Chemist: 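Encoded as structure tokens, here's the structure I'll be asking about.
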2 protein chains.
Amino acid sequence: MFGNIHHFFLQMIPGLTDEAWQAFADRLQVKQYSKGEELSSAERVNHIISFIEQGAVIAFNVVDGKKHIYNFFFEREYVSDYESFLTREPARYGLEAIEDTTTIDLHYNDLQQLYLSHPVFERAGRMAAEAQFIRLARQISSLLAEKPEERYRNLLRDKPQVLQRVPQYLVASYLGVTPEALSRIRKRISL
Amino acid sequence: MFGNIHHFFLQMIPGLTDEAWQAFADRLQVKQYSKGEELSSAERVNHIISFIEQGAVIAFNVVDGKKHIYNFFFEREYVSDYESFLTREPARYGLEAIEDTTTIDLHYNDLQQLYLSHPVFERAGRMAAEAQFIRLARQISSLLAEKPEERYRNLLRDKPQVLQRVPQYLVASYLGVTPEALSRIRKRISL
DNA sequence: TTCCTTTATTGACCCGGATCAATGAAATCC
DNA sequence: GGATTTCATTGATCCGGGTCAATAAAGGAA
């Protein structure tokens, strides 16, 4: 049970004892989502942080009826409206499975108790926040310094699997353009 | 000495003992920068995290000869190329004082020692990373969902002091447009 | 103060992406 | 399998922002 995530945490936390791991594992819950189902909704506080065992998830929000995609998440990644999870305020975006997805979930309250009972998790929490931070810093850099076409080229280069698994109109939103624009960018490049 | 930052940390870390604070304060260094001076450069590893006692700092990088502004920082905020600070890789952006600035600095190695000797700082480090994360999440949301004009209106609403203290061409870059475009946006709005 | 550099504004023109609309292709559902 | 919804492509038009260039305004240095 939880072999995947156990391995993941052992790599991430050098000082993780069996006892601490067990305390952690005791609080985990497995969940199943079908394609199209929401893991969590915008406007509601997100109490869960999920580790994706299998599948794919998008983070999105809806402004003026338009769905904006912030990110894609796949196997062996965390997913959460991390901001809502941290601030206890209503989430700014929702999470939706775009494939059938299995997650391993940890509840906010359980995490707080773990922080207290096993400070080794403070380090893991800090490193997770830091990793998220780095990801966002790069995304901002891309949005400020690159044109949509460059962003697409770089996505092709860095994460080609995204293009295989994610519908194009969602990729377009992630890149900050309309589906029509992305279609034309692809045409332009292929010529 | 360090009254400002002491107060700041007492608020942030409920369990901060005098002894832990002293260990922390012993490692702090005050630095002075003149307007236009760089606190740290892109392409080099950033070993310092700074608390701004007084002044204003921009985070920027240069792509194809163009300077892109990622953020502004003012009194009682941390500033660092946090990504470089965390990853120990060359920084993606530099930091420059846009006013005469006083910072209180902490070196990376000192912080790591503090993490080991006083685990209470793990919590502070985690919360700092989380706060940074939240800031970036909002910035991405703004870049994806809002047009430049909306971003300017929101900046006016949320941080009017930025417009007072930061030259307009830097604000333009932060918003992701050229100085000319921002000038026209301002004209459009004022009509 | 005056000079000189930096910053802000305005004009003209261009271009990539937005929008609206129609058609094709593909995935999904009985 | 065929029917229907979803997704991708293409066309036409529009517009905001980019770019290049000139000028004006503001700030600093001496």
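Letters A, B, ... are given to chains in the order of the sequence lines, protein chains preceding strands, and every chain is numbered from 1. Worth saying up front: this structure is predicted, and the values here are computed from it rather than measured.
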Chemist: A/E149 CD to C/dA18 P: how many Å, rounded?
Modeler: 13 Å

Chemist: Within the supplied structure, the quantity of interest is the number of heavy atoms (other residues, nucleotides, ligands) at a distance under 6.0 Å from A/H7 NE2; does it exceed 12?
Modeler: no

Chemist: How sharply is the helix from C/dT1-D/dA30 to C/dC30-D/dG1 bent, taking the axes over five pairs at either end and rounding to 10 degrees?
Modeler: 60°

Chemist: Send over the distance from B/L144 CG to C/dA18 P, rounded to a whole Å.
Modeler: 12 Å

Chemist: Just wondering, more than 12 heavy atoms not from B/E43 lying within 6.0 Å of its CD?
Modeler: no

Chemist: Distance check needed: C/dG24 P versus A/K187 NZ, whole Å only.
Modeler: 15 Å

Chemist: Taking any atom under 4.0 angstrom from a heavy atom of chain B, which nucleotides of DNA chain D are the first and last to qualify, 5' to 3'?
Modeler: D/dG17 to D/dG28

Chemist: Is the closest basic N to carboxylate O distance between B/R151 and B/E146 below 4.0 Å?
Modeler: no

Chemist: Taking atom P of C/dA27 as reference, at what distance in whole Å does atom CZ of A/R165 sit?
Modeler: 16 Å

Chemist: Less than 4.5 Å apart, side chain to side chain, heavy atoms only: is that true for B/R76 and B/I5?
Modeler: no

Chemist: Do A/F74 and A/V166 have side chains that get closer than 4.5 Å, going by heavy atoms?
Modeler: yes

Chemist: Any protein N or O atoms within reach of nucleotides 12-14 of chain C? Criterion: under 3.5 Å, listing atom names and distances.
Modeler:
residue, atom, partner, partner atom, Å
C/dA12, N6, B/R184, NH2, 3.3

Chemist: I'd like to check the ring pair (Phe, Tyr, Trp, His ring centres under 6.0 Å) partners of A/F72; sequence neighbours left out, ordered by chain and number.
Modeler: A/Y174

Chemist: Flag yes if more than 12 heavy atoms outside A/R44 fall under 6.0 Å of its CZ atom; otherwise flag no.
Modeler: no

Chemist: Checking A/Q139 against A/S142: is there a side-chain donor and acceptor pair closer than 3.5 Å?
Modeler: no

Chemist: Whole-Å distance between C/dT7 C1' and B/K67 NZ?
Modeler: 13 Å

Chemist: Show every donor-acceptor pair shorter than 3.5 Å between a side-chain atom in residues 47-61 of chain A and any protein atom, with sequence neighbours excluded, or say none if there are none.
Modeler:
residue, atom, partner, partner atom, Å
A/H47, ND1, A/R88, NH2, 2.6
A/S50, OG, A/D105, OD1, 2.8
A/N61, OD1, A/Y70, OH, 3.2
A/N61, ND2, A/Y70, OH, 3.1
A/N61, ND2, A/R92, O, 3.4

Chemist: Please give, in whole Å, the distance from C/dC15 C1' to A/I185 CD1?
Modeler: 13 Å

Chemist: Does A/V45 sit in a hydrophobic cluster with other residues, and if so which ones, taking ILVMFWY side chains as linked at heavy-atom separations under 4.5 Å, directly or through other members?
Modeler: none

Chemist: Scan the side chains in residues 12-24 of chain A for donor-acceptor partners under 3.5 Å anywhere in the protein, sequence neighbours excluded, and list what turns up.
Modeler:
residue, atom, partner, partner atom, Å
A/T17, OG1, A/A20, N, 3.0
A/E19, OE1, A/H118, NE2, 2.8
A/E19, OE2, A/H118, NE2, 3.3
A/Q22, NE2, A/D26, OD1, 3.1

Chemist: Please name all residues satisfying side chain to side chain contact (heavy atoms under 4.5 Å, CB included) with A/T87, sequence neighbours left out, ordered by chain then number.
Modeler: A/E83, A/E89, B/I134

Chemist: Which residues satisfy the side chain to side chain contact (heavy atoms under 4.5 Å, CB included) test with B/T178, sequence neighbours excluded?
Modeler: B/E180, B/A181

Chemist: Starting from A/L116 and following side-chain heavy-atom contacts under 4.5 Å between hydrophobic residues (I, L, V, M, F, W, Y), which residues can be reached?
Modeler: none

Chemist: Do A/L111 and A/L28 belong together in a cluster built from hydrophobic side chains that touch within less than 4.5 Å?
Modeler: yes

Chemist: Reading DNA chain D from 5' onward, which residue's closest nucleotide shows up sooner: A/P167 or A/K147?
Modeler: A/P167

Chemist: Kindly give the atom pairs (protein nitrogen or oxygen, nucleotide nitrogen or oxygen) under 3.5 Å for nucleotides 28-30 of chain C.
Modeler:
residue, atom, partner, partner atom, Å
C/dT28, OP1, A/K35, NZ, 2.8

Chemist: Using a strict 4.0 Å threshold on nitrogen-to-oxygen distance, state whether A/R186 and A/E149 make a salt bridge.
Modeler: no

Chemist: Please give me every residue in residues 168-180 of chain B whose heavy atoms get under 4.0 Å of an atom in DNA chain D, ordered by residue number.
Modeler: B/G176, B/V177, B/T178, B/E180

Chemist: Send over the distance from B/E146 CD to C/dA18 C1', rounded to a whole Å.
Modeler: 17 Å

Chemist: Once you round it to whole Å, what is the distance between C1' of C/dG16 and CD of A/E150?
Modeler: 13 Å

